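Note that the coordinates shown come from a computational prediction; the quantities given were computed from them, not determined experimentally. FYI, the numbering just counts along the sequence from 1.
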Amino acid sequence: MDSFRSGQGIQMLLTAEQEAQHIISSARNLRTTRLKQAKDEAEKEMTLYRSNLEAEHQTKKSKTSSESIAKRLEEETEGKIESLKESASRVSPDVVAMLLSYVTTIKN
């Protein structure tokens with residue numbers, strides 16, 4: 001009877017070992033699956049974050065470009081206005097004198 005019990009005991013140990021291996025294998029597979037899901041989610045989040053940063057960068061870049069173009073045009077316009085004012089102030093006395101001579105001179 002002892003040999004029967006020891007045979008049964010060995011069989012129970014073998015069954016328990018197989019169940020343990022099955023549990024460990026299932027846990028490993030589950031862990032691998034979860035790691036793959038986490039990796040996929042992280043890649044999606046990275047892609048979304050990267051696209052948001054790129055969009056923000058393009059917005060800032062276009063805004064900066066527009067502002068710099070507007071600023072440059074404003075500076076050029078101010079420069080041209082000053083140039084015209086200087087020219088007008090230089091020729092103004094001559095123009096006034098010419099107009100006065102035409103107005104005051106009588107033609108026959």
Side-chain angles (χ1 to χ4, degrees):
M1 189 133 194
D2 280 335
S3 66
F4 181 70
R5 279 188 179 175
S6 67
Q8 231 179 5
I10 292 174
Q11 188 61 35
M12 286 175 59
L13 286 174
L14 289 173
T15 304
E17 184 180 354
Q18 286 177 349
E19 286 179 23
Q21 286 177 352
H22 179 61
I23 291 170
I24 290 171
S25 176
S26 295
R28 284 183 182 158
N29 290 337
L30 182 62
R31 183 185 69 177
T32 303
T33 303
R34 286 184 181 166
L35 284 173
K36 286 180 183 178
Q37 287 175 345
K39 181 182 174 187
D40 291 342
E41 287 177 19
E43 286 177 357
K44 286 179 185 177
E45 286 180 23
M46 277 187 350
T47 304
L48 180 64
Y49 181 71
R50 185 174 287 142
S51 66
N52 287 342
L53 280 181
E54 182 64 28
E56 185 178 321
H57 173 69
Q58 291 299 330
T59 303
K60 285 183 181 180
K61 185 178 174 183
S62 66
K63 187 176 182 182
T64 303
S65 296
S66 299
E67 288 175 358
S68 66
I69 290 171
K71 185 177 179 181
R72 183 179 54 84
L73 288 174
E74 189 172 326
E75 288 173 356
E76 287 178 8
T77 304
E78 290 295 323
K80 288 180 181 179
I81 289 172
E82 287 300 318
S83 174
L84 289 173
K85 283 181 180 180
E86 288 175 13
S87 296
S89 66
R90 272 185 283 153
V91 296
S92 179
D94 295 334
V95 171
V96 170
M98 183 180 69
L99 288 173
L100 282 175
S101 74
Y102 281 124
V103 170
T104 57
T105 307
I106 301 173
K107 289 188 178 182
N108 296 340

Just distance, no hydrogens or angles: give the donor-acceptor pairs under 3.5 Å from side chains in residues 99-106, sequence neighbours left out.
from, atom 1, to, atom 2, distance (Å)
S101, OG, M98, O, 2.8
T104, OG1, L100, O, 2.6
T105, OG1, S101, O, 2.4

Side-chain donor/acceptor pairs under 3.5 Å, residues 37-45, sequence neighbours excluded:
none

Can you list, pair by pair, the side-chain donor-acceptor contacts under 3.5 Å of residues 69-84, counting residues two or more places apart and other chains?
from, atom 1, to, atom 2, distance (Å)
R72, NH1, E76, OE2, 3.0
T77, OG1, L73, O, 2.8

Between side-chain atoms of residues 17-30 and protein atoms elsewhere (two or more places apart, or another chain), which donor-acceptor pairs fall under 3.5 Å?
from, atom 1, to, atom 2, distance (Å)
S26, OG, H22, O, 3.0
N29, ND2, S25, O, 3.4

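Residue Y49 is found in a hydrophobic cluster whose other members, listed by chain and number, are L53; membership requires side-chain heavy atoms under 4.5 Å apart, directly or through intermediates. Annotation for L35: hydrophobic cluster partners, listed by chain and number, are none (ILVMFWY side-chain heavy atoms under 4.5 Å, direct or chained).
Taking OG of S62 as the reference point, atom NE2 of H57 lies at 10.0 Å (rounded to 0.5 Å).
With salt bridges taken as basic N to acidic carboxylate O contacts below 4.0 Å, one links E56 and K60.
Side-chain contact check for R90 and S87: at least one donor-acceptor pair (N or O, by modelled atom type) lies under 3.5 Å.
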